[in-house]
Amino acid sequence: MTSQGDDYQTGLLSGVEDSTSNNDDEVRQGGLGLLILRVGLAVIVGAHGLQHLFGAFGGPGITGFAHVLETFGYHKQTTLLSWITGIVEVGGSALLLVGLFTPLAAAGILGVAANVVYAKFHGGFFEGDGRGWEFELLIGIVALALIFTGAGRISLEKNTPWRRRPLPLGIVSLLLAAAASVVVIVLPR
């Protein structure tokens with residue numbers, strides 16, 4: 001008890017009441033913001049996946065992407081690695097788009113981004129002539145954030161246990177992304 005009585009305020013915002021309206025809670029918990037982040041990441045990575053798998057949007061297709069991987073130091077099973085990369089990009093993007101299994105989908109995209117950063121690391125940070133890795137780092141950071149935040153309220157996983165408690169699945173997803181990245185860095189080189 002203080003000498004000033006019970007109505008003594010200890011902080012600047014002590015007398016400010018929290019809003020309890022459901023609409024404010026949804027905005028505060030990232031419903032719209034996470035939807036924008038998810039859709040943006042899904043569209044960008046999904047388009048890259050379609051380039052790698054089918055040659056869409058002027059992309060190289062599987063054979064061309066396998067040759068690109070060879071220029072980055074991957075010499076074994078480049079066609080298989082091209083398929084895996086494209087499928088992870090397109091599949092992960094589709095799951096992110098609808099907000100389903102978001103931590104696992106984001107982990108797949110993080111794994112791909114981590115491998116690209118590793119492969120391009122010697123080219124410097126900035127894109128310039130296509131050898132930099134700043135863009136892939138940003139993709140990886142956004143995917144990492146989604147691993148731990150989940151899809152948000154505006155998603156198909158609205159009533160799943162991992163949306164209410166995202167940390168356990170987030171940690172498992174991060175470990176899976178790290179393990180897959182190490183395997184891809186070590187085996188096909």
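The figures that follow rest on heavy atoms only: side chains count, while hydrogens, waters and symmetry mates do not. Bear in mind the structure is a predicted one, so any value in this text is a computation, not a measurement. Each residue takes its place number in the sequence, starting with 1.
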Test log, rule side chain to side chain contact (heavy atoms under 4.5 Å, CB included), inputs H67 and T63: CA-CA 7 Å; H67 292 298; T63 307; 3.8 Å; yes
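- Exactly one of V39, L41, V45 qualifies for a side-chain contact (heavy atoms from CB on, under 4.5 Å) with V43. That residue is V39.
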Do V112 and V184 pass the side chain to side chain contact (heavy atoms under 4.5 Å, CB included) test, and can you show the C-alpha distance, the side-chain angles, and the key distance before you say yes or no? CA-CA 9 Å; V112 170; V184 170; over 6 Å; no
Please walk me through it: do F135 and I44 pass side chain to side chain contact (heavy atoms under 4.5 Å, CB included)? CA-CA 11 Å; F135 175 71; I44 292 168; 3.5 Å; yes
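- For the pair E157 (side chain) and T102 (backbone), a donor-acceptor distance under 3.5 Å is present.
- The backbone N or O of A151 sits nowhere less than 3.5 Å from a side-chain atom of S155 that would complete a donor-acceptor pair.
- Surrounding CZ of F125 are more than 12 heavy atoms belonging to other residues, nucleotides or ligands, all under 6.0 Å away.
- Residue I62 forms a side-chain contact (heavy atoms from CB on, under 4.5 Å) with just one option from T85, T79, T78, and that option is T79.
- Checked options T149, L32, L146; the residue passing with L37 is L146 (criterion: side-chain contact (heavy atoms from CB on, under 4.5 Å)).
- Every residue meeting the side chain to side chain contact (heavy atoms under 4.5 Å, CB included) condition with I84, not counting sequence neighbours, appears here in chain and number order: L80, V88.
- The hydrophobic cluster containing L187, built from Ile/Leu/Val/Met/Phe/Trp/Tyr side-chain heavy atoms closer than 4.5 Å, also comprises V183.
- The 12-atom threshold is not exceeded at CZ of F101, counting heavy atoms of other residues, nucleotides or ligands nearer than 6.0 Å.
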Under 3.5 Å, sequence neighbours excluded: what are the donor-acceptor pairs made by side chains of residues 90-98?
{"residue": "S93", "atom": "OG", "partner": "A42", "partner atom": "O", "Å": "3.2"}
{"residue": "S93", "atom": "OG", "partner": "G46", "partner atom": "N", "Å": "2.9"}
{"residue": "S93", "atom": "OG", "partner": "E89", "partner atom": "O", "Å": "2.6"}

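- Residue A107 comes nearest to S173 through the heavy atom pair CB-O, 3.2 Å, listed as atom of the first residue, atom of the second, then distance.
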Side chain to side chain contact (heavy atoms under 4.5 Å, CB included) for W83 and L53? Distances and angles first, verdict last. CA-CA 7 Å; W83 277 104; L53 285 177; 3.6 Å; yes
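- The two residues A47 and F57 have their closest heavy-atom pair at O-CD1, 4.0 Å.
- For the pair E136 (side chain) and A113 (backbone), a donor-acceptor distance under 3.5 Å is absent.
- Between L110 and L174, some side-chain heavy-atom pair lies under the 4.5 Å cut-off.
- One N or O on the side chain of W133 and one on the backbone of G124 form a donor-acceptor pair closer than 3.5 Å.
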